[in-house]
There are 2 protein chains.
Amino acid sequence: MKKQAKLTNTEFCRNRIIAINDTMQVLSGKWKFHIIGTLLIGGKMRFMDLLREVEGIGSKMLSKELQDMEMNQLVTRTVLNTKPITVEYEITSYGRTLEPIIDEIAQWGAAYREALHKSDD
Amino acid sequence: MKKQAKLTNTEFCRNRIIAINDTMQVLSGKWKFHIIGTLLIGGKMRFMDLLREVEGIGSKMLSKELQDMEMNQLVTRTVLNTKPITVEYEITSYGRTLEPIIDEIAQWGAAYREALHKSDD
DNA sequence: GACACTAGTTTCCTTAAAGAAACTACATGC
DNA sequence: GCATGTAGTTTCTTTAAGGAAACTAGTGTC
């Protein structure tokens, strides 16, 4: 008889794994945290604003990531009747619920850097 | 004069972005959360135990991810003097500090799934 | 009429991540 | 001596992610 997994076979674990995967899929890629973070500070922002603020991103990536996030209801996209037309992106209240996660991640990262620094003896 | 980024140019923002990138690099890849989660429940675990518990992972990936995490001081690796030799992996106290992040992410994912479910009208 | 702005899309290319299967190497048990 | 268990490594292949540059298409400015 072969050995089998036991820990992971509990309902709790399976659901937890699925939940983590869900979140990480929504936040997948190199840029989502960065875009969300920028929108959290900047409020309503236009495409070109984001392109300038999110350092290093290209228009293709930005466009794709925003579409992704719009589908996941993290941001709204509003076309304004200006000339030339402008498009406003804004984080949704739902998207805002990501703030605690982002904060924790930022805090951990800062502490990590501190710890690395201290161990440089 | 071209328009320039302003929001992201603050010290605070730059550091925050760096901190987030640090964390995400430490947790990068498909498997780290899963492995850490398993070790958090399982305590000391051997290579083959992890291979069985972390559903779907192959030995190459597991080996690589564990090496990564050992370098980042999230887990310890102890070779036991048994025959055949066994190797014990355990999460460090430092690795344990990731627990709040993982919890938040899991909670958010669960809430997300709930929300999706409700909007299925 | 050339240039700059708006918001993207398209094409082409490179790199990184991941997986499957085979292989090393040693030990125990039947 | 053959299967099974330990802990990985190696090779080969596929897939996904990301980036640079050019392009569309319309408006306004000098």
Side-chain angles (χ1 to χ4, degrees), chain A residues 1-6 17 20-21 24-36 38-39 42 44-72 75-90, chain B residues 1-6 17 20-21 24-36 38-39 42 44-72 75-90:
Chain A
M1 185 122 106
K2 282 196 180 175
K3 287 188 185 177
Q4 282 193 329
K6 339 176 187 175
I17 290 160
I20 291 171
N21 286 345
M24 293 321 291
Q25 205 171 314
V26 166
L27 295 176
S28 68
K30 196 177 168 183
W31 298 107
K32 299 238 174 59
F33 281 103
H34 204 331
I35 296 170
I36 293 170
T38 307
L39 282 170
K44 290 180 183 173
M45 295 181 74
R46 286 173 302 152
F47 187 83
M48 290 305 285
D49 291 333
L50 281 167
L51 201 55
R52 277 185 288 263
E53 294 292 343
V54 180
E55 208 179 301
I57 200 171
S59 53
K60 185 186 100 176
M61 271 297 123
L62 180 57
S63 168
K64 195 211 119 210
E65 297 292 63
L66 286 169
Q67 277 173 35
D68 254 42
M69 290 163 66
E70 199 194 347
M71 276 202 299
N72 288 323
V75 300
T76 54
R77 178 181 182 275
T78 318
V79 179
L80 298 180
N81 190 21
T82 53
K83 17 185 182 160
I85 55 153
T86 48
V87 180
E88 243 173 33
Y89 290 93
E90 192 177 11
Chain B
M1 188 121 104
K2 281 197 180 174
K3 288 188 186 177
Q4 282 193 330
K6 342 177 188 173
I17 290 160
I20 291 171
N21 286 344
M24 293 321 291
Q25 205 172 315
V26 166
L27 295 175
S28 69
K30 197 178 168 184
W31 297 107
K32 299 238 174 60
F33 281 103
H34 204 331
I35 296 170
I36 294 170
T38 306
L39 282 171
K44 291 179 183 172
M45 295 182 74
R46 284 174 302 153
F47 187 83
M48 290 305 285
D49 290 334
L50 281 166
L51 201 56
R52 277 184 288 264
E53 294 292 343
V54 180
E55 209 179 301
I57 201 171
S59 54
K60 185 187 99 177
M61 271 296 123
L62 180 57
S63 168
K64 193 210 119 210
E65 297 293 61
L66 285 170
Q67 276 173 34
D68 254 42
M69 291 163 66
E70 199 194 348
M71 274 202 301
N72 288 322
V75 300
T76 54
R77 177 179 182 276
T78 318
V79 180
L80 299 180
N81 189 22
T82 54
K83 18 183 184 159
I85 56 154
T86 49
V87 180
E88 243 173 32
Y89 291 93
E90 191 176 12

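The sequence lines fix the lettering, A, B, ..., with proteins before strands; numbering per chain opens at 1.
Applying the side chain to side chain donor-acceptor pair (under 3.5 Å) rule to B:Asn21 yields no partners; only residues at least two apart in sequence or on another chain are considered. Contacts of B:Thr86 classified as side chain to side chain donor-acceptor pair (under 3.5 Å), with partners at least two apart in sequence or in another chain: B:Thr82. Remark: A:Ser59 pairs with no residue by the side chain to side chain donor-acceptor pair (under 3.5 Å) rule, at least two apart or across chains. The side chain to side chain contact (heavy atoms under 4.5 Å, CB included) test applied to A:Met24 returns A:Ile20, B:Met24, B:Phe33, B:Ile105, not counting sequence neighbours. For B:Glu90, the side chain to side chain contact (heavy atoms under 4.5 Å, CB included) criterion is met by B:Lys44, B:Thr76, not counting sequence neighbours. The side chain to side chain contact (heavy atoms under 4.5 Å, CB included) search around A:Val75 returns A:Leu39, A:Met69, A:Glu70, not counting sequence neighbours.
To the nearest angstrom, P of D:dA17 lies 14 Å from CE of B:Met24. Rounded to whole angstrom, the span from the CG atom of B:Asp49 across to the P atom of D:dG5 amounts to 13 Å. As rounded to whole Å, 14 Å separates atom C1' of D:dT9 from atom CD1 of B:Ile85. The CG-P distance, from B:Leu51 to D:dG5, rounds to 13 Å in whole Å.
Screening residues 75-89 of chain B for salt bridge (Lys or Arg N to Asp or Glu O under 4.0 Å) gives no qualifying pairs among residues at least two apart or on separate chains.
Using a 4.0 Å heavy-atom cutoff across all strands shown, B:Gln67 reaches sugar-phosphate atoms only and no base atom.
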Next item on the list: Take nucleotides 12-21 of chain C nucleotide by nucleotide from the 5' end and write B, S or -, depending on whether a protein heavy atom sits under 4.0 Å from the base, only from the sugar-phosphate, or from neither.
Entry: ------BBB-

Margin query: For a quick check, with a 4.0 angstrom heavy-atom cut-off, what is the B/S/- contact string for nucleotides 23-30 of chain D, read 5' to 3'?
Written below: ---BSS--

